[in-house]
Every structure is written in C-alpha cells, then in structure tokens.
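Protein chains get the first letters and strands the later ones, always in sequence-line order, with residue 1 at the start of each.
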Amino acid sequence: MKPQLHSLLGTALTAVLAEHSGAAPAVLPAIQLEPTKDPRFGDFSSNLAMLLAKPLGLAPRKLAEALLRQLPPSASVAKVEIAGPGFINFFLAPAAFQSVVAEVLQRGDGYGRNAHGAGKRAMVEFVSANPTGPLHVGHGRGAAVGDCLARLLEASGWDTAREFYYNDAGAQINNLALSVQARCKAVEPEQPGWPENGYRGDYIRDVAAAYLAGASMAADDRAVTAAADPDDLDAIREFAVAYLRHEQDLDLKAFGVHFDLYYLESSLYSEGRVTQTVTALEGSGHTFEQDGALWLKTTDYADDKDRVMRKSDGSFTYFVPDVAYHVSKWQRGFQRVINEQGADHHGTIARVRAGLQALDIGVPQGWPEYVLHQMVTVMKGGEEVKISKRAGSYVTLRDLIEEAGRDATRFFLVARKADSQLVFDIDLARAQTNDNPVYYIQYAHARVCSVLRQLGERGMSWDDDSGIAAVGRLQEPLELALAAQMARFPETVEIAASTLEPHLIAQYLRELAAAFHGFYNSHQLLIDDVELRNARVALAVAARQVLRNGLGLLGVSAPEQM
RNA sequence: GCGCCCGUAGCUCAGUUGGAUAGAGCAUCGACCUUCUAAGUCGAGGGCCACUGGUUCGAAUCCAGUCGGGCGCACCA
C-alpha cells in the first residue's frame, strides 16, 4: 500500500515542481509517508507540503492543495484530506486492505522478503567466545541478536555467512590448560600448585576427567583424542579447547544457532597474516618507534590515542591480529560485515577501523559495522541471579534455556534494543500465561491452526483460491485493521535490516498478534455464509503466514497447537 | 579526568529517524466463556519523556550544558 501512495505523491510532486520551475529547490526533500496513529487522520499521512514550503516559498496548505490537484486517481484511495499545518492524509479504500490478504497468500514464505542485497555478500560475526568456559547470558544475547541480524540480511537478499572467531592460543588458553592440569592432578583451588587466576568452575573438573579417560571430542570440523597424560600440557591445551568448544556448540545448537565459519586466531599467526599486516602498516607511513615499541598513529583516523602494535619484548598486542583478521574478512569479499559484540569491547572499534584505513586497501570508512549489546541482568523470584554452579561465577546460556526454553529465551534476548541494558525475568519467561509475550504471539498462530482443524472436522473446505476470490467481503474495521497490520510487515523487515535492529520484529509481532486476537474475538470464522467464511479464513491464514514468517526471523518456533 | 551507551507510567520497555492529544505489556480496578483454545478480548485510572537552555512552522527525538546509571580508557585479551 505504501509504495503505491509513494508513487502517487511522486507524480504529483513532479507536476507541482513543473508549475514552479523557477523556484525549484536544489535539493528535493525525500517523500515521507507514515501510518497514522489516529484514524481521524486516515491511514497514511505525508508531511511533504510542509517540507517543501520553505524551499518553494509557499504556504504549506497552499502547496498541499496544489499537490492534491495533481494527485492521480487510484482505486486504493478512498479520500485525501489536508489537515492541521499541511499534512496530506490518505484514507484507503477497503480494496487496498483486501488485496494485502491475497498478496500474502500468493507470496507465502516469501512475503516480507526483499531483494535489496541480491548478488551481494554479507558476514555477521557474533558470539566469538573464547573456549575457556561455558557460554554466559551475554553470549546468549549476542547469539540471539547476531543470528537475527543474519536472518534479516538473508530476508533482504544478502548471501550471508555467520562466523565465530576465537582465540585458541593466548595467555587465557594457557591458563585454562594449567587449570585443567591442576584438576588432573587433584589440586583444588587455594592449594599449592593451583595456578594463579586459574579457572575455578566445576566444568574444569569435567574437562580433566574426560582428558584422563582418553575421550575424543569433535568441534569445528576437528577431532581431538585426549592423550590422558597429566604432564603433557600441549595435549591438555588442545583437548581442553576442543572440549569447551564442543560444549559451546551444544549450547548454540540447543539455542537454534549455527555457524558457517569458524576462524581461529592462531591461524592468523600460522598463515603469516599478523606479520604481513605489521609490514604493510609500517609501509603505510603511519607507524613510529618509541620506547622500544612499534606504534600505529591511530589518531590519524579518529582514535583518541595512538596504539602499540609490537611491544618492547617483541610480541604483538591483541589489536594487530584484530586488524589482520579484518583484512581477511575484507579479502574474502564481504561487502558488508557486521560485528555483534558486548558493549564492553567498544574501545576496539576505532582501533580496528583505523588500522584498516591506514592499510589503504580500499576499505570504506564505516567498515565494518558494529552492533553492540549492553549487559543482561537475570532476575528470579524478585532477586538478581549472579552465579551458576557449573560456571562458578556467572549465569550460563544453558541455565536460561533449561529454565525458560529456547523460544522464550531467544525472544526475550532479542526483544529489546541492543544498546539498552536488559533485565531477563526468568519467572516471566517461563510463565505459560498471558503475561508472556512469546506465548501471546505463538498462541495467535496456534489458534489459526486450530480453526483449520475445526473446519475440516465440520466437513467444510477452504483453499487459497476460494479465499482470495472472497476477500472483497472483508469490510469490518477489525478485519481491515488486521490486514493493514500485515501490510506493514515488508517495510518493518526492511527497516530492521537497514538499521540492524531485530527488536523491531519482536515489537511488530506483538502488534500483529494483538490485531489478530482482536479480530478473532469479535468475529466468528466458521459460519454458514460460505463466501464470508472463505474470506475470514483467508484473512486468518494470511495472518498465520505473516506470524510464521516473522517468528522465523527471530528463530522462534510457530507451534500448530499449544 | 576523557570517550561510548542509556535515562519515557509503580515495574519491564516501544516510539516507524523532526510530526498532530507520548504508546504497549505487567501490576491495580471493572466487564466478557452453552459459540472456532479465556495462554484470549473490551474498558478505567496511572506522565514535568531526568533537568536547563538552544535550533524551527513543530522536539521524547537534533545541538550544548548539568545531574544520575552502565561500560571502556595497558607495551592485558
């Protein structure tokens, strides 16, 4: 509906500008159209006349009148009014809403998808937890948000890869190996021989036991069999990484998240990418030596401080492999790369971008893009939950999934703007009542399925064609309101994808479900009037389709019954 | 001290990128099941959009400052 109105206004705008060719502004304002909040203002409203008033030097209402005179007639538009300071309000004809139902049924799973990214490649890097312990709630938020971003890009036509990056070789991994080794030798925390800052969680015991038992672990296309020798630290390190990656994979699988690519920090060294990057940066003229260290002048590129690349002891700071990693992403041909991370890492953004700019390899200034999520607080029984027995010091993603289920956990973690802090109420997430927005939406879907079952049991029949043929019978305000809500889905997907805000989908689905429940409660579907019945069932089935498509974007299931 | 994010109903949060009288859910109060799932619907009350200035036809939204919360400011990752 909106694109149609947009083009009508465009035609009118061109004609009006022709009338005032002398006064035509250098920069034309974009045509803005938005759904109204108040039915008195029609269905869609445009502020075009107000935006144009100043550049053309005409009164907004005069301009609005001129635009109306040039507006081509349309079967979708019942009435157009000028209101307030110069708003142009469109009142749509029922036919405009009815046609939405037909469109949804015809496009099916494709309804809401667009081709903006067709032929282009995108990558979303997310979670990227180091294999030193179970995934925590923050990783869960990253997993939910990152996966939804990938789904949104896919729905927008992008060829999208999901990538998981992790450090499998640094000091933390060494600490992990020492912790496992200590457990292998039955050393407890605080006892002599326990490594300084060792990992104390119970899961370290499990890793040690599996290692001593000679277990085999498969993770990220690799398999590792434990050497079972408590003195072989390298073997312990390799096994522990595989074990914990395997654990993380189990959690992600239970969460419905899969990755296409795993990238190991160690490979940046073994493939020489780190030294290549340093050499290239030195050649860029943006480096200098000071106090025995090699620095990059990131302040040339909007960082607030220059950064050390190579320490005086000859080793590299973490920021060098970070740049080398992003060079790899660029060389792999991703036009668009989105990094989903916790907000506590926001300091790296300026550095990575600065490093890429200094290399002068054609990377655009705002590349890569970042989506940062804020902290998650977990509440249960009115109190904050801070500790998981398994991890020792934080609430794990597995805890949440076990408590609240996959669907509720995913929905809750993605339903809020990523850059606001989130309170995850476990009691609410697990409630099977109307308090719980996940069930509210899923229930709408299940209700339609139930109606279709009833329809069969009563010996009635229905199909897309008979439904589409009857949509002209949809006249009731609640019927048209539901269709109007469905019409907004494609635009919502576009906005969510372009602004990288998956919470808009969750928000939208709640409104769609509300429109459905309102319709369902007021109008009987399985009635004797065959044509009206066909029309209403068509409306319900179309609503089910949009609910399903939207839930699919969130990775939440659409159950047939509840 | 510097940088980033946030501040909207008692609580949890939206607010379509500057639009008309600021919305939803929960909680509170009231109404609706002999009818397709009441996991639902309808109604009522509840607000100095943290504060102060500015920008303009118009500001919760943009700018500056103040206050409050979170995070980051290593030759750690």
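- D427(A) has its side chain within reach of K380(A): a pair of non-hydrogen atoms, C-beta onward, lies under 4.5 Å apart.
- Residue contacts for Y520(A): at a heavy-atom cut-off of 4.0 Å it reaches a base atom on one of the strands shown.
- Within the 4.0 angstrom heavy-atom criterion, only backbone atoms of the sugar-phosphate kind lie near L504(A); the bases stay farther away.
- Judged by the 6.0 Å and 45° rule, R245(A) forms a cation-pi pair with Y166(A).
- Glycosidic conformation of rC4(B): anti, with the torsion beyond 90° of 0.
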- [ ] Start with the C-alpha gap between V323(A) and M309(A), add the side-chain angles, then the distance that decides, and say whether side-chain contact (heavy atoms from CB on, under 4.5 Å) holds.
- [x] CA-CA 10 Å; V323(A) 174; M309(A) 295 166 60; over 6 Å; no
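- Evaluation of the side chain to side chain contact (heavy atoms under 4.5 Å, CB included) rule for A514(A) yields Y440(A) as partners, not counting sequence neighbours.
- The ring-ring contact (aromatic ring centres under 6.0 Å, His included) search around F44(A) returns none, not counting sequence neighbours.
- By the 4.0 Å N-to-carboxylate-O rule, D304(A) lies close enough to R307(A) to be salt-bridged with it.
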- [ ] Applying side chain to side chain donor-acceptor pair (under 3.5 Å), run through H523(A) and E479(A) and close with a yes or a no.
- [x] CA-CA 9 Å; H523(A) 299 295; E479(A) 295 169 339; 4.8 Å; no
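- Y508(A) meets the ring-ring contact (aromatic ring centres under 6.0 Å, His included) test with F489(A); sequence neighbours excluded.
- Looking at the side chain of K417(A), the nearest of the listed nucleotides rA14(B), rU56(B), rU16(B) is rA14(B).
- A stem is defined here as three or more consecutive Watson-Crick or G-U pairs, each with both distances under 3.5 Å; for RNA chain B these stems are B:1-7 with B:67-73, B:10-13 with B:23-26, B:28-32 with B:40-44, B:50-54 with B:62-66.
- Base orientation of rU34(B): anti (glycosidic angle beyond 90° from 0).
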- [ ] Go through S128(A) and E125(A) one step at a time and tell me if the side chain to side chain donor-acceptor pair (under 3.5 Å) criterion holds.
- [x] CA-CA 7 Å; S128(A) 295; E125(A) 183 218 322; 2.6 Å; yes
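- Taking atom CG of L500(A) as the reference point, atom P of rU17(B) lies 16 Å away to the nearest angstrom.
- The residue L422(A) sits close only to the backbone: its heavy atoms come under 4.0 Å of sugar-phosphate atoms, none of a base.
- Judged by distance alone with a 3.5 Å cut-off, no donor-acceptor contact links the side chain of Y439(A) to the base of rA39(B).
- Of the residues in residues 483-490 of chain A, those placing a heavy atom less than 4.0 Å from an atom of RNA chain B are R488(A), in numerical order.
- The side chain of T499(A) lies closest to rU17(B) when the candidates are rC36(B), rU17(B), rG15(B).
- Under 4.0 angstrom from either OP1 or OP2 of rG15(B) there lies at least one side-chain N or O belonging to H503(A).
- K54(A) places its NZ atom 6 Å from the C1' atom of rU56(B), with the value rounded to the nearest Å.
- Spacing of P atoms, rG45(B) relative to rA22(B), comes out at 14 Å, to the nearest Å.
- We find that CG of N197(A) is positioned 13 Å from C1' of rA77(B), with the value rounded to whole Å.
- A distance of about 26 Å separates the P atoms of rC6(B) and rG58(B), rounded to the whole Å.
- By the 4.0 Å N-to-carboxylate-O rule, K329(A) lies too far from E163(A) to be salt-bridged with it.
- Residues meeting the side chain to side chain contact (heavy atoms under 4.5 Å, CB included) test with F91(A), sequence neighbours left out: K79(A), E81(A), N89(A).
- Atom-to-atom, CG of L176(A) to C1' of rA77(B) comes out at 14 Å; the value is rounded to the nearest Å.
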Please list each protein N or O that sits under 3.5 Å from an N or O in nucleotides 31-35 of chain B, with the distance.
{"residue": "rU35(B)", "atom": "O2'", "partner": "Q524(A)", "partner atom": "NE2", "Å": "3.4"}
{"residue": "rU35(B)", "atom": "O2", "partner": "Q524(A)", "partner atom": "OE1", "Å": "2.9"}

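- Distance from the side chain of Q454(A) is smallest for rC36(B) among the nucleotides rA39(B), rC36(B), rC75(B).
- Judged by closest nucleotide on RNA chain B, L525(A) is the one of A513(A) and L525(A) placed further toward the 5' end.
- Base contact: S450(A) has a heavy atom under 4.0 Å from a base atom.
- Across R61(A) and A83(A), no two heavy atoms sit closer than the pair NH1-C, 3.7 Å.
- Of the N and O atoms on the side chains of N339(A) and H326(A), at least one donor lies less than 3.5 Å from an acceptor on the other residue.
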Under 3.5 Å, N/O pairs linking protein and nucleotides 68-73 of chain B:
{"residue": "rG70(B)", "atom": "O4'", "partner": "Q421(A)", "partner atom": "NE2", "Å": "3.3"}
{"residue": "rC73(B)", "atom": "O3'", "partner": "K305(A)", "partner atom": "NZ", "Å": "3.4"}

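- We find the CG-CE distance between L525(A) and M460(A) to be 10.5 Å, quoted to the nearest 0.5 Å.
- Residue H445(A) is classed as having no contact, given no heavy-atom separation below 4.0 Å to the nucleic acid.
- We find that CD of E501(A) is positioned 14 Å from P of rC5(B), with the value rounded to whole Å.
- Rounded to whole angstrom, the span from the NE2 atom of H373(A) across to the C1' atom of rC6(B) amounts to 15 Å.
- Side-chain N/O atoms of Y440(A) include one lying less than 4.0 angstrom from OP1 or OP2 on rU41(B).
- With H373(A) as reference, E340(A) is the one residue of R416(A), R141(A), E340(A) to meet the side chain to side chain donor-acceptor pair (under 3.5 Å) rule.
- Remark on RNA chain B: of its neighbouring residues T348(A) and R447(A), the 5'-side contact belongs to R447(A), judged by nearest-heavy-atom nucleotide.
- Looking only at atom types and distance, the side chain of T36(A) has no donor-acceptor partner in the side chain of D38(A) under 3.5 Å away.
- Nucleic acid contact class of P35(A) (heavy atoms, under 4.0 Å, all strands): base.
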Open item on the list: Can you build the contact string for nucleotides 19-24 of chain B? Use B for base contact, S for sugar-phosphate-only contact, and - for no protein heavy atom under 4.0 Å.
Closed with: BBB---
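- Residues Q32(A) and S46(A) come closest through the heavy atom pair O-OG, 2.8 Å.
- A salt bridge does not link E34(A) with K2(A): none of the charged nitrogens is closer than 4.0 Å to a carboxylate oxygen.
- For residues 300-322 of chain A, the ring pair (Phe, Tyr, Trp, His ring centres under 6.0 Å) pairs, not counting sequence neighbours, are H286(A)-Y301(A).
- Using a 4.0 Å heavy-atom distance criterion, D425(A) is classed as making no nucleic acid contact.
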Polar atom pairs (N or O), protein with nucleotides 61-65 of chain B, under 3.5 Å:
none

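- Nucleotides rC49(B) and rA20(B) are separated by 15 Å at their P atoms, to the nearest Å.
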Give me, pair by pair, the N or O atoms of the protein and of nucleotides 28-30 of chain B that are less than 3.5 Å apart, along with how far apart they are.
none

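- Between Y165(A) and Y325(A), the gap from one ring centroid to the other is short of 6.0 Å.
- A salt bridge links D529(A) with R473(A): the distance from a Lys NZ or Arg NE/NH1/NH2 to an Asp or Glu carboxylate oxygen falls below 4.0 Å.
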